Amino acid sequence: MTIFVTGGAGYIGSHVVIELLEQGHNVVVADNFSNSKRGVIERICRLAGREFPFYEMDIRDADGLGRIFSEYRIDSIIHLAGLKAVGESVSKPLEYYANNLESTMVLIDAMKTHNVKKFIFSSSATVYSADNEMPLTEESRTGGCTNPYGWTKFMCEQILCDYANAANGCAVVLLRYFNPIGAHPSGLIGEDPQDIPNNLMPYIAQTAAGRLPFLSVFGDDYDTPDGTCVRDYIHVSDLAAGHVAAIKHLDSNSGVSVFNLGTGKGVSVLEFVAAFEEATGVSIPKKTAGRRSGDLPLQCASTEKAKRELGWEAKRTLYDACVDTWRWQKGID
Ligand code: NAD
Ligand code: UDP
């Protein structure tokens, strides 16, 4: 069985590829390195102890995809490639719609032409509406996204649902990631934002490394236990294992299945900082700043469906994620 992984050089994709190789799957990987580095591929091979076919290409290149699908017997697709910066999507909406929607449609077209039946899509908790009760279940309302990035995920989900309804015997899994953090325990693979990070973990890690002077805590007057926002942070290696569980699920299910990939535990910004300090022994200078526009006070996953139907749950702790991130961060500084 061969799995075609798009975006396999990226932060999450690199961990997914390692996990698939370690579980004995064959992979073919494609990435255009628009937000990743070539060296990652060699490091994945080293960690997994195996080589695999890699293509440097834009997934929107239909001819290129056609050649790959003709050469290998692709059984399923894991589609991680995409642009993902929320703020950038507000200033460059067309780039986001063009990249994220077109790549998904060109892939579906290749899937149809080459009779591939199984597709896993990297979606996000951002597709959920702001007015839901917590924790979010897969049945919670979606839509009302607050930025173009979120809308691209919402629209890709819709396109995949419509395709699965029309195509006989097709199986689609939509994985809604909560907040991925952490790095591979080897310290060789992790997240390395090129600009000043937007997300909490890389911001804290770069502050700990002395690259940034202090962390701005965006709002301490929310209606949460300590006034700071609460999120569901999941170790990227657990997230990767969720994809292997989803591959198994595709073997015996058709139609569309949706799963949250989170831990089910909410952690506030202040609790997060305290955990990082405890895990690393490095203190993080911080200042309270105003609320960041668009932030919800609380977002947390219900993980019951993934446990029940995928037999998967997150195993690693926030402490593990902080230790692993710090090992990775020290290696790249
Ligand atoms: P990433 O930027 O590290 O990885 C994405 C990879 O896709 C990069 O290596 C990039 O070079 C590649 N890519 C982008 N457009 C491409 C194209 N047209 N053709 C070929 N390659 C292309 O991001 P990530 O954090 O690993 O995210 C992976 C997926 O998970 C994305 O779809 C993202 O939207 C989704 N997701 C991420 C998060 C998160 O917090 N990181 C949360 C929810 C969902
Ligand atoms: N956050 C913060 N300072 C930062 C970055 C993030 O206080 O420099 C907060 C942010 O307001 C949110 C939480 O940390 O409440 C997680 O933010 P992130 O951007 O990582 O994830 P998302 O907002 O997408 O859930």
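Indexing begins at 1, ligand by ligand and atom by atom, following the structure's order. All figures in this text were calculated on a predicted structure; none of them were measured in a lab. Numbers here are sequence positions counted from 1. All heavy atoms count here, side chains included; hydrogens, waters and symmetry mates do not.
- The Asn179 neighbourhood of ligand 2 comprises atoms 21 (O), 22 (P), 25 (O), with distances under 4.0 Å to a heavy atom of that residue.
- Near Leu215, meaning under 4.0 Å from one of its heavy atoms, ligand 2 places the atoms 3 (N), 4 (C), 8 (O).
- In terms of polar-atom proximity, Phe218 is counted as a contact of ligand 2, with an N or O under 3.5 Å from an N or O of the ligand.
- Ligand-side atoms of ligand 2 in range of Val217: 7 (O), range being under 4.0 angstrom from any heavy atom.
- Using a 4.0 Å cut-off between heavy atoms, Ser103 makes no contact with ligand 1 at all.
- In terms of protein heavy atoms, atom 13 (C) of ligand 2 is closest to Tyr233 OH, 3.6 Å.
- In terms of polar-atom proximity, defined here as any N/O pair under 3.5 Å, Tyr203 makes no such contact with ligand 2.
- Atoms of ligand 1 found under 4.0 Å from any heavy atom of Tyr149 (numbered from 1 in listed order, with element): 33 (C), 34 (O), 35 (C), 36 (N), 43 (C), 44 (C).
- Of all atoms in ligand 1, numbered sequentially from 1 with element shown, those under 4.0 Å from a heavy atom of Ala81 are 7 (O), 13 (N), 16 (C), 21 (N), 22 (C).
- For ligand 2, one of its N or O atoms has an N or O atom of Leu200 under 3.5 Å away.
- Checking only distances, Gly7 never comes within under 3.5 Å of ligand 1, N or O to N or O.
- For ligand 1, the polar-atom distance check finds no N/O of Tyr177 at less than 3.5 Å from any of the ligand's N/O atoms.
- Ring centers of Phe4 and Phe69: under 6.0 Å apart, within the cut-off.
- Within a 6.0 Å radius of CZ in Arg73, other residues, nucleotides and ligands contribute 12 heavy atoms or fewer.
- Between Thr303 and Asn260, the closest side-chain pair of non-hydrogen atoms is not below 4.5 Å.
- The N/O atoms of Gln299, backbone and side chain alike, include none that comes under 3.5 Å of an N/O atom in ligand 2.
- Heavy-atom proximity to Phe33, at under 4.0 Å, picks out these atoms of ligand 1: 11 (O).
- The closest protein non-hydrogen atom to atom 3 (O) of ligand 1 is Tyr11 N, 2.9 Å.
- Residue-level proximity to ligand 1 for Ser123 is carried by the backbone, the only part with a heavy atom below 4.0 angstrom.
- Between Tyr177 and His243, the ring center distance clears the sub-6.0 Å criterion.
- Of all the heavy atoms of Asn99, the ones lying under 4.0 Å from any atom of ligand 1 belong exclusively to the side chain.
- Residue contacts with ligand 1: Lys153 is included, with a non-hydrogen atom under 4.0 Å away.
- The N/O atoms of Ser124, backbone and side chain alike, include none that comes under 3.5 Å of an N/O atom in ligand 1.
- Under a 4.0 Å N-O distance rule, the pair Glu56/Arg38 qualifies as a salt bridge.
- Of the heavy atoms in Met57, only backbone atoms (N, CA, C, O) come closer than 4.0 Å to ligand 1.
- Of the protein's heavy atoms, Asn35 ND2, 2.7 Å lies nearest to atom 2 (O) of ligand 1.
- At the top of the distance list for atom 13 (N) of ligand 1, counting protein heavy atoms only, stands Asn32 OD1, 3.4 Å.
- A salt bridge links Glu42 with Arg46; the closest basic N to acidic carboxylate O contact falls under 4.0 Å.
- Ring to ring, Phe33 and Phe54 are close: their centroids are under 6.0 angstrom apart.
- Annotation: Ile59 places an N or O atom under 3.5 Å from an N or O atom of ligand 1; distance criterion only.
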